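If you're wondering where the values come from, they're calculated on a predicted model, not measured in any experiment. The basis for the numbers below is simple: all heavy atoms, side chains too, and nothing from hydrogens, waters or symmetry mates.
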Amino acid sequence: MTINTYDVTADLTPEGLVEWQRMVAGEVYEDSHPEIERKRVEAKKLFRAYNQLDYDQEAERRAIMEQLFAAVGEDVFIEPNFRCEMGRNITIGSHAYINFDCVMLDNAPITLGDYVWIAPMVGLFATNHSLDFEERKNGACQAKPIVIEDGVWLGGHVTVLGGVTIGRGSVIGAGSVVTKDIPAGVVAVGNPARVVRPITEADKTRFCERIAARNAAR
């Protein structure tokens, strides 16, 4: 795991720092504050540069990930066109694969464990605008953390909202909207996503045994 030690808030004004601290703490903050917007632009420049790199530019891709995210593990691959809000509130574990057109609104921390697989067009939306129109038009937002534990697979077009934890090894069916915590080791589908069954030994296809036998025979 490579941890980004750069203090992203070091160049904020005192007023901007207050809004940033409120943002990551889950309090109502001014999303339209110029200092928040400046940090958003910094992230945009990085993920746009990442998306323009060729697949064989592995060192360059890795360098941008280490600059953009709070921390990133080994063997992480992100397809274009990846987009995020701040970048610096995202932690990605090792052996993660993020497919095409993923969007992460990381105004609060978004944490992905090891071996997390994300299908195309998934959205992780940690932040939410105020329900009140007057507050909303003046930039009021509130963000809550998202935690995706080890071995989770998010199907295509899945949406995960702020404040949600998805437990180890669970699978979220394509098109689902996850509004509440999902326990470990289950399949959940729907809008809002609901647990439909546990993942059991019956779900194994004996793939690992077949590959092990094939490799042993070489």
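In Glu15, the CD atom is not crowded: 12 or fewer heavy atoms of neighbouring residues, nucleotides or ligands sit closer than 6.0 Å. A 6.0 Å sphere centred on CZ of Phe47 holds more than 12 heavy atoms belonging to other residues, nucleotides or ligands. For Trp153, the CH2 atom counts as loosely surrounded, since its 6.0 Å shell holds 12 or fewer non-hydrogen atoms of other residues, nucleotides or ligands. Counting heavy-atom neighbours within 6.0 Å of Arg168 CZ, excluding the residue itself, gives a total of 12 or less.
Aromatic pair Tyr50/Phe69: ring centres not closer than 6.0 Å.
Using a 4.0 Å cut-off between charged nitrogen and carboxylate oxygen, Asp54 and Arg61 do not count as a salt-bridge pair. Between Arg38 and Glu42, at least one side-chain N (NZ, or NE/NH1/NH2) sits under 4.0 Å from a carboxylate O, which counts as a salt bridge.
At a cut-off of 3.5 Å, with distance as the only test, a side-chain donor of His95 or Asp75 sits close to an acceptor on the other residue. Between Asp7 and Thr9, the side chains place a donor N or O and an acceptor N or O closer than 3.5 Å (distance only, hydrogens not considered).
Closest approach of Ser32 and Asn138 over heavy atoms only: OG-O, 3.6 Å. Closest heavy-atom contact between Cys141 and Asp31: SG-CB, 3.5 Å. The two residues Ala43 and Cys84 have their closest heavy-atom pair at CB-SG, 4.4 Å. Contact detail for Glu149 and Thr165: the closest heavy-atom pair is OE2-CG2, 3.8 Å. The minimum heavy-atom distance between Ala184 and Ser170, with the atom names listed, is C-OG, 3.4 Å. Of all non-hydrogen atoms in Lys144 and Gly163, the two that sit nearest each other are CB-N, 3.3 Å.
Judged purely by atom type and a 3.5 angstrom limit, Glu135 has no side-chain atom pairing as donor or acceptor with the backbone of Ser130. Put simply, the side chain of Asn81 never gets that close to the backbone of Phe100: no donor and acceptor are under 3.5 Å apart. Looking at Asn4, its side chain does come within 3.5 Å of a backbone N or O of Tyr6 through a donor-acceptor pair. No donor-acceptor pair closer than 3.5 Å links the side chain of Asn107 to the backbone N or O of Thr127. Side-chain N or O atoms of Glu35 include one that pairs as donor or acceptor with a backbone N or O of Thr13 at under 3.5 Å. The backbone N or O of Gly26 sits less than 3.5 Å from a side-chain atom of Gln142, completing a donor-acceptor pair. With hydrogens and angles disregarded, no donor-acceptor distance shorter than 3.5 Å links the side chain of Arg88 to the backbone of Asp106. The closest donor-acceptor contact from the side chain of Asp203 to the backbone of Ile199 lies at 3.5 Å or more, if one exists at all. Judged purely by atom type and a 3.5 angstrom limit, Gln21 has no side-chain atom pairing as donor or acceptor with the backbone of Val18. Using modelled atom types, one side-chain atom of Arg22 and one backbone atom of Val28 make a donor-acceptor pair closer than 3.5 Å.
Hydrophobic clustering, with ILVMFWY side chains joined whenever heavy atoms are under 4.5 angstrom apart, keeps Met86 apart from Ile64. Cluster annotation: Val152 is connected to Ile98 through the hydrophobic network of ILVMFWY side chains, with a link wherever side-chain heavy atoms come within less than 4.5 Å. Val76 is connected to Leu68 through a chain of hydrophobic side-chain contacts under 4.5 Å among Ile, Leu, Val, Met, Phe, Trp and Tyr, so both are in one cluster. Met121 and Trp117 end up in different hydrophobic clusters when Ile, Leu, Val, Met, Phe, Trp and Tyr side chains are linked at under 4.5 Å. One hydrophobic cluster, built from ILVMFWY side chains closer than 4.5 Å, holds both Tyr29 and Leu17.
Partner of Leu112 under the side chain to side chain contact (heavy atoms under 4.5 Å, CB included) criterion, out of Val147, Thr91, Leu124: Leu124 alone. Checking Glu60, Glu66, Glu58 one by one against Arg62, the side-chain hydrogen bond (donor to acceptor under 3.5 Å, both in side chains) holds for a single residue, Glu66. A side chain to side chain contact (heavy atoms under 4.5 Å, CB included) with Phe82 is found for exactly one of Asn99, Val103, Asn51, Asp101, namely Asn51.
To the nearest 0.5 Å, the span separating CZ on Arg136 from NE2 on His129 amounts to 8.5 Å. We find the CD1-CD1 distance between Ile166 and Ile146 to be 8.0 Å, quoted to the nearest 0.5 Å. Note that NE2 of His157 and OG of Ser176 are 12.0 Å apart. Values are rounded to the nearest 0.5 Å. Atom CZ of Arg214 is separated from atom CD of Glu209 by 13.5 Å, given to the nearest 0.5 angstrom. Interatomic distance, OG of Ser94 versus CE of Met1, reported as 5.5 Å (0.5 Å rounding). Taken from CD1 in Ile110 to CZ in Phe125, the straight-line distance is 9.5 Å, to the nearest 0.5 Å.
Put simply, the side chain of Met23 reaches to within 4.5 Å of the side chain of Asn89, judged on heavy atoms. Residues Arg40 and Glu85 are in side-chain contact: their nearest non-hydrogen atoms beyond the backbone lie under 4.5 Å apart. Inter-residue side-chain proximity for Ile90 and Ile92 is flagged as met; some heavy-atom pair is nearer than 4.5 Å. Between Leu161 and Asn128 there is no side-chain heavy-atom pair separated by less than 4.5 Å. Ile211 is not listed as a side-chain neighbour of Cys208, based on a closest heavy-atom distance of 4.5 Å or more. Ile36 places a side-chain heavy atom less than 4.5 Å from the side chain of Trp20.
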*May I have the step-by-step check of side chain to side chain contact (heavy atoms under 4.5 Å, CB included) for Val178 and Thr159, ending in yes or no?*
CA-CA 6 Å; Val178 188; Thr159 299; over 6 Å; no
*Kindly determine whether Lys137 and Asp132 satisfy side chain to side chain contact (heavy atoms under 4.5 Å, CB included), including the steps that lead there.*
CA-CA 9 Å; Lys137 76 177 185 180; Asp132 179 82; over 6 Å; no
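Legend: residues meeting side chain to side chain contact (heavy atoms under 4.5 Å, CB included) with Pro109, ordered by chain and number and at least two apart, are Pro145. In this structure, Asp150 has no salt bridge (charged side-chain N to carboxylate O under 4.0 Å, His left out) partners at least two apart in sequence or on a different chain.
Ring geometry for Phe77 against Tyr55 counts as parallel: the plane angle stays under 30°, on a 0 to 90° scale with 60° as the upper cut.
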